[in-house]
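Structure first, commentary second.
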Amino acid sequence: DEKKYKIASTVYAKEGVYCHCYYEDIEMNEDFTDYTLNDYWDTFYYVPYDGSGAKELCPELKELTSYRGDELPDIWILSMTEEGIYYENKDAKKVECCRYDGKKETVFELPEGYKNQQFNGISGGKLLMKLMAEDGTNKIAGLDLKTGERLLCDNPDVSNYYGVCDEVFWKYCRSEEGSRRELWEYADIFAEDGNMLF
């Protein structure tokens with residue numbers, strides 16, 4: 001349409017590219033110290049490399065991601081893969097997926113004994129979540145999206161993981177000495193003596 005969309009993220013596949021785009025209407029104040037978000041929504045496309053034309057994916061999510069005035073959206077987009085679009089509802093207690101064949105499913109729910117969850121990333125069909133327990137400790141939860149296998153490990157340091165590719169994740173670590181980035185394989189995150197790649 002006539003609106004100017006921006007690309008939030010892309011997933012490159014063998015035959016084409018998956019695009020997560022968004023539209024926003026922002027009104028800045030005179031000294032650029034604050035803004036008003038008048039309108040916002042997400043939209044998703046698959047664009048074949050052969051130039052045969054873009055196809056909109058999961059159009060029903062567009063309305064659910066809309067900001068209008070002070071109203072928060074019904075869902076928050078987390079990630080896009082070749083299989084579908086992953087998102088959280090307002091209460092941030094579960095992760096759901098809208099698959100491109102129209103099927104919707106819940107893929108992860110906050111377990112009992114935990115008060116909050118934070119999505120970390122998806123890489124190679126593996127999903128990572130940081131779980132905040134009632135006693136204030138953090139755990140890392142892993143989910144194999146194909147087999148449904150769930151794993152859990154302690155995460156004593158304050159760090160976040162971000163998906164790269166082929167079951168590898170960036171680990172962002174913060175300490176008194178400063179911050180650093182490490183590459184970790186999914187299996188090693190949950191291994192008793194896991195080792196970073198470098």
Side-chain angles (χ1 to χ4, degrees), residues 1-24 40-66 73-89 94-109 117-130 140-151 159-172 181-191 194-198:
D1 55 30
E2 296 178 355
K3 296 186 182 298
K4 294 181 179 178
Y5 289 91
K6 299 176 183 177
I7 296 176
S9 64
T10 54
V11 177
Y12 294 94
K14 186 176 180 180
E15 305 294 336
V17 61
Y18 295 84
C19 296
H20 170 195
C21 308
Y22 66 96
Y23 168 78
E24 63 181 355
Y40 177 98
W41 63 76
D42 296 273
T43 187
F44 310 91
Y45 293 95
Y46 174 69
V47 185
Y49 296 134
D50 64 10
S52 58
K55 176 185 176 184
E56 187 173 2
L57 304 170
C58 302
E60 64 271 26
L61 297 184
K62 184 176 181 178
E63 184 66 28
L64 298 177
T65 63
S66 296
D74 294 323
I75 64 171
W76 308 95
I77 301 301
L78 301 175
S79 184
M80 185 178 199
T81 70
E82 291 183 50
E83 289 76 38
I85 299 160
Y86 293 81
Y87 57 92
E88 281 183 324
N89 286 339
K94 60 184 178 180
V95 175
E96 296 180 275
C97 178
C98 180
R99 299 195 178 277
Y100 304 134
D101 60 7
K103 181 181 177 184
K104 292 183 183 178
E105 61 181 339
T106 298
V107 296
F108 187 89
E109 288 192 72
Q117 69 182 25
Q118 175 186 323
F119 173 79
N120 277 196
I122 296 175
S123 178
K126 305 292 195 292
L127 178 147
L128 287 183
M129 301 287 294
K130 180 186 284 186
I140 291 293
L143 170 65
D144 187 317
L145 295 170
K146 293 175 184 163
T147 67
E149 179 188 46
R150 296 171 185 268
L151 301 171
S159 59
N160 293 310
Y161 292 89
Y162 298 90
V164 186
C165 64
D166 298 331
E167 300 182 25
V168 175
F169 291 81
W170 276 119
K171 181 180 181 182
Y172 286 79
R181 296 193 306 169
E182 304 169 349
L183 275 175
W184 282 73
E185 289 188 350
Y186 178 85
D188 287 337
I189 294 171
F190 299 97
N195 296 306
M196 61 180 177
L197 296 181
F198 63 81

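With a 4.5 Å cut-off on side-chain heavy atoms, Y22 and T65 do not count as touching. Looking at S9 and H20, their side chains come closer than 4.5 Å, going by heavy atoms from C-beta outward. Between I75 and E96 there is no side-chain heavy-atom pair separated by less than 4.5 Å. When side chains are defined from C-beta on, L61 does not count as touching D42, because their heavy atoms never get closer than 4.5 Å. In this structure, the side chains of T81 and Y86 come closer than 4.5 Å at one or more pairs of heavy atoms. Side-chain atoms of V164 and W184, non-hydrogen and from C-beta on, never get closer than 4.5 Å to each other. Side chains of L145 and E83 form no contact here, defined as non-hydrogen atoms less than 4.5 Å apart.
The 12-atom threshold is not exceeded at CG of D166, counting heavy atoms of other residues, nucleotides or ligands nearer than 6.0 Å. When the shell of 6.0 Å around NZ of K104 is examined, it contains more than 12 heavy atoms from other residues, nucleotides or ligands.
Scanning both residues, Y45 and A54, for their nearest heavy atoms gives CD2-CB, 4.3 Å. Contact between G163 and S123 at its shortest, heavy atoms only, is CA-CB, 3.9 Å. V47 approaches C19 most closely through the heavy-atom pair CG2-SG, 4.4 Å. Shown here for K14 and Y49, the closest heavy-atom pair between the two residues is O-CE1, 3.5 Å. Shortest non-hydrogen contact noted between F119 and L78 is CE2-O, 3.6 Å. Shown here for M129 and L127, the closest heavy-atom pair between the two residues is CG-CD2, 3.3 Å.
Taken to the nearest 0.5 Å, the CG atom of N89 stands 8.5 Å off from the CG atom of L64. From Y23, atom OH reaches atom CH2 of W41 across 5.5 Å, with rounding to the nearest 0.5 Å. For the atom pair CG of D50 and CD of E15, the computed distance is 8.0 Å after rounding to the nearest 0.5 Å. Taking CZ of F108 as the start and CG of L128 as the end, the distance is 10.0 Å to the nearest 0.5 Å. The distance from the CG atom of L143 to the OH atom of Y186 is 6.5 Å, given to the nearest 0.5 Å. In this structure, CD1 in I85 is found 11.5 Å from CZ in R99, a value given to the nearest 0.5 Å.
The aromatic ring centres of F44 and Y18 sit 6.0 Å or more apart. Taking the six-membered ring for Trp and the full ring otherwise, the centers of Y46 and Y100 sit at least 6.0 Å from each other.
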Chi angles and distances behind the side-chain contact (heavy atoms from CB on, under 4.5 Å) call for L57, M80
CA-CA 11 Å; L57 304 170; M80 185 178 199; 3.9 Å; yes
Test log, rule side-chain contact (heavy atoms from CB on, under 4.5 Å), inputs Y87 and C98:
CA-CA 8 Å; Y87 57 92; C98 180; 4.0 Å; yes
Could you give me the CA-CA distance, side-chain angles and deciding distance for V95 and Q117, then say whether side-chain contact (heavy atoms from CB on, under 4.5 Å) is met?
CA-CA 10 Å; V95 175; Q117 69 182 25; 3.9 Å; yes
Run the side-chain contact (heavy atoms from CB on, under 4.5 Å) check on I140 and N120 step by step: do they pass?
CA-CA 9 Å; I140 291 293; N120 277 196; 3.9 Å; yes
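Ring pair Y162/Y172 is perpendicular by interplanar angle, where above 60° counts as perpendicular and below 30° as parallel. Below 30°, between 30° and 60°, or above 60°: for F169 and Y161 the angle between ring planes is above 60°, a perpendicular geometry.
Ion pairing of E24 with K6 is present here, as a side-chain N (NZ or NE/NH1/NH2) and a carboxylate O approach within less than 4.0 Å.
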